[in-house]
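Right, one structure below, let's go through it.
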Amino acid sequence: MAAPAERMKMMRQRRRARGLRELRLVVADPRSRAVRRRVAKQVAGLDLDRERDALKWIESVSEFDADATR
């Protein structure tokens, strides 16, 4: 049996052959109390009217795109 590093290399090659690429993301841990406080502070600072306008725009665009695929 191949070593773990060699198996990973072979798996990546198979995925690349299928047009796939591995992507790793590092994100803030939502279980962390410090992260939750930081997010809450940022959310509290949002402008409600601007956020509402952004959501309306997103909804209108998504409806437009949904019609185009039918």
Side-chain angles (χ1 to χ4, degrees):
M1 170 154 287
E6 187 62 28
R7 288 195 311 267
M8 287 299 294
K9 182 179 178 181
M10 292 178 351
M11 181 182 66
R12 287 188 191 105
Q13 288 172 342
R14 287 191 306 269
R15 286 180 177 168
R16 267 188 243 127
R18 293 179 18 217
L20 302 173
R21 181 172 174 243
E22 183 176 326
L23 177 65
R24 295 181 187 207
L25 298 175
V26 178
V27 298
D29 184 357
R31 298 170 295 184
S32 163
R33 187 171 281 155
V35 170
R36 289 195 312 265
R37 278 194 301 261
R38 189 172 74 229
V39 170
K41 183 179 178 183
Q42 291 175 359
V43 168
L46 293 174
D47 180 328
L48 186 58
D49 290 331
R50 290 184 68 189
E51 293 303 311
R52 190 175 292 118
D53 288 344
L55 287 172
K56 285 180 184 176
W57 181 83
I58 291 168
E59 288 173 359
S60 69
V61 170
S62 67
E63 290 172 6
F64 174 78
D65 290 345
D67 291 340
T69 59
R70 292 182 189 166

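Values below: every heavy atom of this structure, side chains too, minus hydrogens, waters and symmetry copies. Source: prediction; values computed, not measured.
- Atom CZ of Arg12 is surrounded by more than 12 heavy atoms from other residues, nucleotides or ligands within 6.0 Å.
- Judged by distance alone, with hydrogens and angles left aside, the side-chain atoms of Arg21 form no donor-acceptor pair with the main-chain N or O of Arg16 at under 3.5 Å.
- In this structure, the separation between CG on Leu46 and CD on Gln42 is 8.0 Å, given to the nearest 0.5 Å.
- Using a 4.5 Å heavy-atom cutoff, the side chains of Arg14 and Arg18 are not in contact.
- In the hydrophobic clustering of this structure, Val43 groups with Val35; members are Ile, Leu, Val, Met, Phe, Trp, Tyr whose side-chain heavy atoms approach within less than 4.5 Å, directly or through other members.
- In the hydrophobic clustering, where aliphatic and aromatic side chains (Ile, Leu, Val, Met, Phe, Trp, Tyr) are joined below 4.5 Å either directly or transitively, Val26 stands alone.
- Using a 4.0 Å cut-off between a side-chain N of Lys or Arg and a carboxylate O of Asp or Glu, Asp53 and Arg50 do not qualify as a salt bridge.
- When atom types are taken as modelled, the side chain of Arg7 and the backbone of Ala2 share a donor-acceptor pair closer than 3.5 angstrom.
- In terms of heavy-atom proximity, Pro30 sits nearest to Arg36 at O-CG, 3.2 Å.
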